[in-house]
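Below is one structure, written out as structure tokens; comments come after it.
Below, chain A is the first sequence line, B the second, and so on; all start at residue 1. Worth saying up front: this structure is predicted, and the values here are computed from it rather than measured. We use all heavy atoms of the structure for the numbers below, so side chains are in, but hydrogens, waters and symmetry mates are not.
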Protein chains: 2
Amino acid sequence: MNKRVTIKDVAKKTGLSISTISLVINNKGNVREETKKKVLQAIEELGYYPARSAKSLASRETGNIGFILTEEHFSRSEPFYTKIFLGTEFESRAYNYYVLLTTVPTQFSKNAVPRFLLENNVDGVIFAGKINQRYVKYVEELGLPYILVDYDLPGKKVSAVMIDNVGGGEMATEHLLNLGYRKIAFIGGDIEHPSIKGRFEGFKKALEKAGVECDKDMCVVGEPDTRVINGYRACEKLFTVLKPEAIFAANDAMAIGCLRFLKEKNIKVPDEVAVVGFDDIDACIHVEPRLTTVRVEKEELGVVAVKHLVEMIKKPNFGITRVYLPVKLIVRDSCGAGKKGLVVFNDGQVNESLT
Amino acid sequence: MNKRVTIKDVAKKTGLSISTISLVINNKGNVREETKKKVLQAIEELGYYPARSAKSLASRETGNIGFILTEEHFSRSEPFYTKIFLGTEFESRAYNYYVLLTTVPTQFSKNAVPRFLLENNVDGVIFAGKINQRYVKYVEELGLPYILVDYDLPGKKVSAVMIDNVGGGEMATEHLLNLGYRKIAFIGGDIEHPSIKGRFEGFKKALEKAGVECDKDMCVVGEPDTRVINGYRACEKLFTVLKPEAIFAANDAMAIGCLRFLKEKNIKVPDEVAVVGFDDIDACIHVEPRLTTVRVEKEELGVVAVKHLVEMIKKPNFGITRVYLPVKLIVRDSCGAGKKGLVVFNDGQVNESLT
DNA sequence: ACTATTTATTAAAGCGTTTTACTAAACATA
DNA sequence: TATGTTTAGTAAAACGCTTTAATAAATAGT
């Protein structure tokens, strides 16, 4: 093919040295305005663009960000982390970075270390979701800046962008309380997960504030994870003994599991039981009834993570940043708010997602 | 930080030259088994791994694959191309590639050229979905191998992995015919799109085979694109004049649009109208009734694209590959198959996606 | 006018690999 | 034994940049 044009060609064309060309490109050193112009023009005319590999080698900057996800999270149908990823992907471009995605097994293992770390091929790392502490430690020892998204390392001060889980849990519960429900159940799944824990905390906080006692039997938190099937089972468990007026599920998947169970048992939602979820995944508007939930701005999580990570890359000893992203109650049909004549502060009941 | 260990360190430790180390790593040249062992051990002990940037610079291989998507397709909620992307992402890792994603505007523009092309930072390119021909040309002129996914360039022999749209359209239509429907409508959106065109073709083919006349008025193909809202509108248009017994929508989004309209008008699905979609997006199992559709293996599209692209990268003049991925009818509730006592050859009616 | 300082440019080293051409040793061939 | 052929290993150039230290020219200070 037509040979690649290099910095040498630009030097030759302008009669300057390659050093000068480099300085102009990177806006460094003292270069006369006039020569700058000349160089820029030559670059334009030749269609020159610095080769990434050479630039990386010389400058020790790769222009890449690593994105590490535990394998379970990458399950091909899980949209939550996919969206976070797309957010980082999108935002990275604004900062002229590319993001390299990889998954790692839950357990740390020497030969599960992401290749981009071994190859020295990233300038910083984003960890999304639950992650084994040893991966973080590995990255730390490399001296790379990193940030966690939607997770936190207990007992370790790390940079992280998190969801306001407590606030969201409170919000959802308060909403149910405001609608007059008192016997409210909580369905949680893996309560060890910081996010679930936070949502549960918010749940209890709201109840306490309202002076409603939190019935332990109404809190099903034993399931191993937060998939639909476990929501279904938790709901089943719940209804064998009790009859809650409302359910707050720690995420939409589980909430949808509840909906499934209730539909099977012919228990009407929201007339007999109200259901509120958390996350606002796409499915919410497709299920029947449409699910009231707490919206997490998933892409935004990724976006914010990139913003901070880039800061950290640019400025060494930037320090630790910890940010909590606000959430928002999205009222739809599964909580009975409409029925009860409540003002629905929702954005676009009818047309939403008619995309 | 602890300084990076380089090939020099390995050379020093083994008392060999760096050339030999390199040869061992890349399994080239003539190196005694014995020395090979020695080198490998030293590498192991030192924890050496070749730096990507240096390797790239010297070998002119980047280890990256570019993934180019038109902006509309990247709309953050569009799961179709996201899944294709995840498929490539996943498969790439098996081949030790990373994939760099970028979007481009619909119209070609000199300064919309993906940075990874300018930087010489990819070994090959995947184009997903509808793409302006000039981008393809640009890549071609760079001498880079490339492959299209879910699109084709009319009048140009390019490598591509496509869906069997015609077969799928035929399948869906035949299914409706088998159920006894005769007045079958087609809702298409952008008929210029090769995929839609193919599905329409399959539709007509099936009708013809069955000796059923294709009523032009039953084919709504004027909408600008295939979003939910346009399915809604097309359906509305349809029902102002006609009363089809069944609808075959060219994709699930539009099919869901139909469902919305029909629910609003209180027209029962499938009792009064049967609906079949195409793609099998996640929402299918959440809508009411669950949507019968033609499943496209979206991740698989990405996987296959990577497989072929890697071949092309490894073997220059590999030639053109064109592959059609088969599709599969997924019978659910919107077509009335159950009601009519038909055998339902579905995988997991009840538990599917209870993930 | 002479020195000190600032400004503009460059030569050259370095980044960490791959690869080619070369050498030396070992082995075959006759 | 002399010669050709493998085999094993290496020196050195190349890949295309950045960056540092040095130099030269212009400007300022007295």
Carboxylate-amine/guanidinium contact B:E33 B:K37, below 4.0 Å | no

Using heavy atoms and a sub-4.0 Å distance, could you list which residues of residues 9-20 of chain B are near DNA chain C? By number, please.
-> B:I18, B:S19

Where each residue is assigned the nucleotide of DNA chain D containing its nearest heavy atom, which of B:R60 and B:L23 is assigned the position nearer the 5′ end?
-> B:L23

Touch class at under 4.0 angstrom, heavy-atom based, for A:T6 against every strand present | sugar-phosphate

Atom CD1 of A:I25 and atom C1' of D:dG16: how far apart are they, to the nearest Å?
-> 11 Å

Rounded off to whole Å, could you give me the CD1-to-P distance for the A:I21 and C:dT10 pair?
-> 8 Å

Would you jot down, in residue-number order, the residues of residues 28-44 of chain B having a non-hydrogen atom under 4.0 Å from DNA chain C?
-> B:K28

May I have the distance from B:K8 (atom NZ) to C:dT17 (atom P), rounded to whole angstrom?
-> 10 Å

Exactly one candidate in A:I131, A:V113, A:L69 meets side chain to side chain contact (heavy atoms under 4.5 Å, CB included) with A:V104; the answer is A:I131

Roughly, in whole Å, what's the span from OH in B:Y48 to C1' in C:dG16?
-> 7 Å

Specify whether B:F85 and A:F85 have parallel, tilted or perpendicular ring planes, treating 30° as the upper limit for parallel and 60° as the lower limit for perpendicular.
-> parallel

D:dC17 P sits how many Å from A:N26 CG, rounded?
-> 11 Å

I would like to know whether B:E45 and B:K13 meet salt bridge (charged side-chain N to carboxylate O under 4.0 Å, His left out); could you show each step before the answer?
-> CA-CA 10 Å; B:E45 283 175 27; B:K13 174 153 186 156; 2.8 Å; yes

Rounded to whole angstroms, how far apart are CZ on B:R4 and C1' on C:dT17?
-> 11 Å

Residues B:K298, B:D150: salt bridge by 4.0 Å N-O rule = no

Given atom CD1 of A:I7 and atom P of D:dT19, what is their separation to the nearest angstrom?
-> 11 Å

What about the rings of B:Y151 and B:F127, do their centers lie closer together than 6.0 Å?
-> no

Under 6.0 Å between the ring centres of A:H73 and A:F80?
-> no

Round to a whole Å and report the spacing from CG of A:L57 to C1' of C:dA13.
-> 13 Å

So, does A:S59 use its side chain to make a donor-acceptor pair with the main chain of A:E61 at under 3.5 Å?
-> yes

Side chain A:Y135, main chain A:Q107, donor-acceptor under 3.5 Å = yes

Does B:K55 put a side-chain nitrogen or oxygen below 4.0 Å from OP1 or OP2 of C:dT18?
-> yes

